[in-house]
**Student:** 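Can you keep this structure in mind? I'll have questions shortly.
The figures here come from the full heavy-atom set of this structure, side chains too, leaving out hydrogens, waters and symmetry mates. Below, chain A is the first sequence line, B the second, and so on; all start at residue 1.
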Amino acid sequence: MTVQRHPATSTVPGARDPLLSVKGLSVLLFTETATVRAVTDVAYTVHRGETLAIVGESGSGKTVMNLAPLGLMPGGVRAVVSGSVRLSGEDLTQASEDRLMQVRGRKVGVVFQDPLSALNPNRRVGPQIEEVFRLRLGLDAAASHARAIEFLRMVGIPEPERRLRMFPHEMSGGMRQRVMIAIAIAAEPELLIADEPTTALDVTIQSQLLELLMRLQKQLGMAMVLVTHDVGVVARVADRVAVMYAGEIVELGTAEEILKRPRHPYTRALLAAVPEPDAPVGSRFTGLSGSPPDLSNPAVGCAFAPRCPLVQGECTRATPMLTQAEGSGHLAACWVSTPQVAERPTR
Amino acid sequence: MTLLKVSDLVVEFQDAATGRINRACNQVSLDIEAGEIVGLVGESGCGKSTLGRAIVGLEHPKSGSIVFDGVDILSLPAAARRQARRRVQYIFQDSLAALEPRQTIGSALHEALIIRGERNPRARAARIGEILAATNLNSGILTRRPRELSGGQRQRVCIARALLAEPKLLICDEPVSSLDTSLRAQVMNVFLNLRDELGVAIVLIAHDLALVRQASARVNVMYLGRIVESGPSGALYAQPLHPYSRALTAAILGIDPEVERHREQTVLKGDLPSPFAPPSGCSFRTRCPDASDRCAAAEPAALVREGRSVRCKLYDETAAVN
């Protein structure tokens with residue numbers, strides 16, 4: 001069996017070992033009222049310079065899977081993380097809170113969906129960017145100010161000196177998101193996690209920001225994990241794609257494999273739900289009936305079975321494993337479309 | 001038959017602190033036939049929601065007219081306006097906020113009929129049964145509360161409640177944008193069915209351009225308070241005339257990675273200008289790849305031809321030549 005590696009990474013020196021290697025990761029969330037198994041036994045890798053898109057719908061666990069190992073969870077929610085999340089060999093699930101804070105600032109940058117809540121509304125934008133340089137890189141005030149101007153220019157903000165004196169609410173949504181990106185890349189991280197970075201924005205601004213992210217990634221040689229529900233965004237930027245449903249990765253492969261030759265019935269449904277550019281006007285829309293399962297009370301078998309058009313007897317008896325299709329690194333967890341083999345797949 | 005005719009509608013907001021005026025709808029004109037779905041697209045702040053809200057009476061226009069079902073609404077006294085607008089209903093983006101959280105769905109639907117004067121519980125139940133069927137909902141939801149439903153079910157409850165008023169026109173403001181992609185079809189297909197089976201006309205306000213194209217017979221593109229282009233949706237998307245429509249339709253992402261990875265760079269630079277200080281002349285000129293000096297001089301007039309309308313100097317000249 002050949003070693004599964006993405007072609008784009010083979011040109012990067014030292015790219016043999018993945019930058020990020022996640023194995024057997026599960027996340028339990030304890031809220032006031034329930035215990036939710038938000039992520040169940042997921043495994044994936046991200047190589048230097050590559051973009052992995054994590055696609056799934058609300059509640060699929062895509063955000064929790066990325067943020068819980070970094071110690072980033074909303075207030076009032078306690079997360080218990082098991083498994084391993086290795087970043088350049090270091091297991092983040094074993095790291096102290098102090099160490100995680102260092103990792104978040106320097107090695108991993110994070111861009112959230114809503115920059116208005118991620119920025120401090122009472123402080124001007126300038127000090128918020130400058131403190132990244134002072135605290136994380138130890139620069140003095142003058143050097144931090146100069147760097148802030150340089151980074152705002154880098155993310156395409158005109159008149160950066162003037163913008164540094166603005167409050168977040170004085171900026172448009174697109175510009176605020178550019179500021180967030182500038183803060184996330186300030187320490188030139190190895191990995192950028194972008195969680196729905198363009199979801200709240202208009203299409204024209206979305207396309208500007210996707211281009212910006214792609215350019216910065218190339219310029220800084222970062223790996224990127226892009227969390228999104230938008231299949232069009234995946235097609236635009238992803239090298240590889242993980243599809244999540246009910247806290248599990250149900251399909252994993254290159255963007256071509258996932259988007260052009262999907263195996264899992266859920267992936268197929270997700271793609272079919274995107275309106276086609278040449279569909280007859282007035283024709284009916286395609287989608288799924290029902291809703292995702294309640295993760296505080298998981299059922300036996302494949303989580304997608306109750307909504308699946310291909311469901312068979314086996315599907316409600318046992319959970320299918322991510323299994324390799326013949327002769328490719330394309331994995332799918334489905335009893336029907338990807339017959340299960342005895343051998344465990346290489347991940 | 002023209003069900004709704006909006007002519008030269010102006011809606012303004014004043015900034016209390018500076019006194020500056022934002023003309024959210026700037027002499028907007030729009031026609032809707034009975035049983036027709038018409039799309040309204042544009043970026044946040046372009047005035048599309050304000051237009052929808054003005055039609056249903058949630059905003060107070062400064063000037064212009066709204067003729068619905070043959071009645072010139074704005075010329076009527078307030079009480080008569082409400083009466084004239086009874087058969088226009090509004091569907092909000094946030095279905096959770098639109099429903100009372102402690103009230104069961106059944107109680108909410110009965111209440112809507114009681115307000116309309118239906119005193120007979122059996123007649124109400126029968127009517128609710130019909131409406132649930134039209135919105136593809138199961139009667140099991142009647143005993144539930146809004147939070148116990150999925151987003152798609154909840155939005156269909158809002159549509160069901162609106163249908164109890166026997167509307168001729170629904171104004172739907174981003175009705176599916178808070179729903180997951182795979183659940184949007186549940187709601188969108190209800191709209192298509194209502195049009196086909198009950199002849200309901202719909203104004204579909206949305207920023208998802210591909211979705212609007214598939215649902216709407218005609219589409220209007222708004223920019224800074226103006227409708228800059230309108231036309232049959234197939235033709236408008238296949239060959240957008242206004243540079244802004246071109247930029248919008250070019251930003252629609254497909255799902256083929258081999259195509260999308262190599263797509264052209266964005267043509268449209270920058271953000272929407274402040275609506276309190278729009279550019280002189282054509283308000284799109286500051287972001288327009290085809291702008292020239294003459295665009296700053298005067299606002300382009302609408303050129304109307306073959307069911308399409310466009311406001312742009314590029315076509316002003318063609319018109320003069322022809």
**Student:** Looking at A:Gly287, A:Ala273, A:Pro292, A:Pro275, which one has more heavy-atom pairs under 4.5 Å with chain B than the rest?
**Tutor:** A:Pro275
**Student:** Using a cut-off of under 4.5 Å for heavy-atom pairs, which of B:Gly254, B:Gly234, B:Ser150 has the most such pairs with chain A?
**Tutor:** B:Gly254
**Student:** Heavy-atom pairs under 4.5 Å with chain A - which of B:Arg195, B:His262, B:His207, B:Met188 has more of them than the others?
**Tutor:** B:Met188
**Student:** Are B:Asp256 and A:Leu259 close enough that some pair of their side-chain heavy atoms sits under 4.5 Å apart?
**Tutor:** no
**Student:** For B:Asn193, is it the side chain, the backbone, both or neither that has a heavy atom under 4.5 Å from a heavy atom of chain A?
**Tutor:** both
**Student:** Can you see which heavy atom on A:Lys260 is nearest to which on B:Pro257, and at what distance?
**Tutor:** CG-CD, 4.0 Å
**Student:** Between B:Ala185, B:Gly151, B:Ala251, B:Ser182, which residue shows the highest count of heavy-atom pairs closer than 4.5 Å to chain A?
**Tutor:** B:Ser182
**Student:** Relative to chain B, which segment of A:Thr286 carries a heavy atom at a distance below 4.5 Å: side chain, backbone, both, or neither?
**Tutor:** backbone
**Student:** Quick one: which of B:Asn136, B:Ile255, B:Leu192, B:Leu211 has the most heavy-atom pairs under 4.5 Å with chain A, could you say?
**Tutor:** B:Leu192
**Student:** Is it the side chain or the backbone of A:Ala272 that comes within 4.5 Å of chain B heavy atoms, both, or neither?
**Tutor:** neither
**Student:** With a 4.5 Å cut-off on heavy-atom pairs, point out which of B:Ser216, B:Gly45, B:Ser44, B:Ser274 contacts chain A the most.
**Tutor:** B:Ser44
**Student:** Between atom CZ of B:Arg261 and atom CE of A:Met214, what is the distance when rounded to the nearest 0.5 Å?
**Tutor:** 8.5 Å
**Student:** Pick one of side chain, backbone, both or neither for A:Val237, based on which atoms fall under 4.5 Å of a heavy atom in chain B.
**Tutor:** neither
**Student:** Contact part of B:Leu272 toward chain A, heavy-atom cut-off under 4.5 Å: side chain, backbone, both or neither?
**Tutor:** neither
**Student:** Which bit of A:Gln206 comes within less than 4.5 Å of chain B, counting heavy atoms only: side chain, backbone, both or neither?
**Tutor:** side chain
**Student:** Which bit of B:Ser177 comes within less than 4.5 Å of chain A, counting heavy atoms only: side chain, backbone, both or neither?
**Tutor:** neither
**Student:** Counting only heavy atoms closer than 4.5 Å, note whether B:Ile252 contacts chain A via side chain, backbone, both or neither.
**Tutor:** neither
**Student:** Could you check which of A:Gly173, A:Pro158, A:Ala255, A:Ser291 has the highest count of heavy-atom pairs closer than 4.5 Å to chain B?
**Tutor:** A:Ala255
**Student:** Select one option (side chain, backbone, both, neither) describing which atoms of B:Ala238 are under 4.5 Å from chain A's heavy atoms.
**Tutor:** neither
**Student:** Side chains of B:Leu253 and A:Leu210: closer than 4.5 Å at any heavy-atom pair?
**Tutor:** yes
**Student:** At a 4.5 Å cut-off on heavy atoms, which part of A:Arg307 comes close to chain B: side chain, backbone, both, or neither?
**Tutor:** side chain
**Student:** Out of B:Gln214, B:Gln186, B:Glu260, which one racks up the most heavy-atom pairs below 4.5 Å with chain A?
**Tutor:** B:Gln214
**Student:** With a 4.5 angstrom heavy-atom cut-off, could you sort out which part of B:Thr181 is near chain A: side chain, backbone, both or neither?
**Tutor:** both
**Student:** Give a yes or no answer on whether the side chain of B:Asn189 reaches the backbone of A:Phe285 with a donor-acceptor pair at less than 3.5 Å.
**Tutor:** yes
**Student:** Taking A:Val203 as the fixed residue, which of B:Leu209, B:Leu268, B:Val41 is the one that meets the side chain to side chain contact (heavy atoms under 4.5 Å, CB included) rule?
**Tutor:** B:Leu209
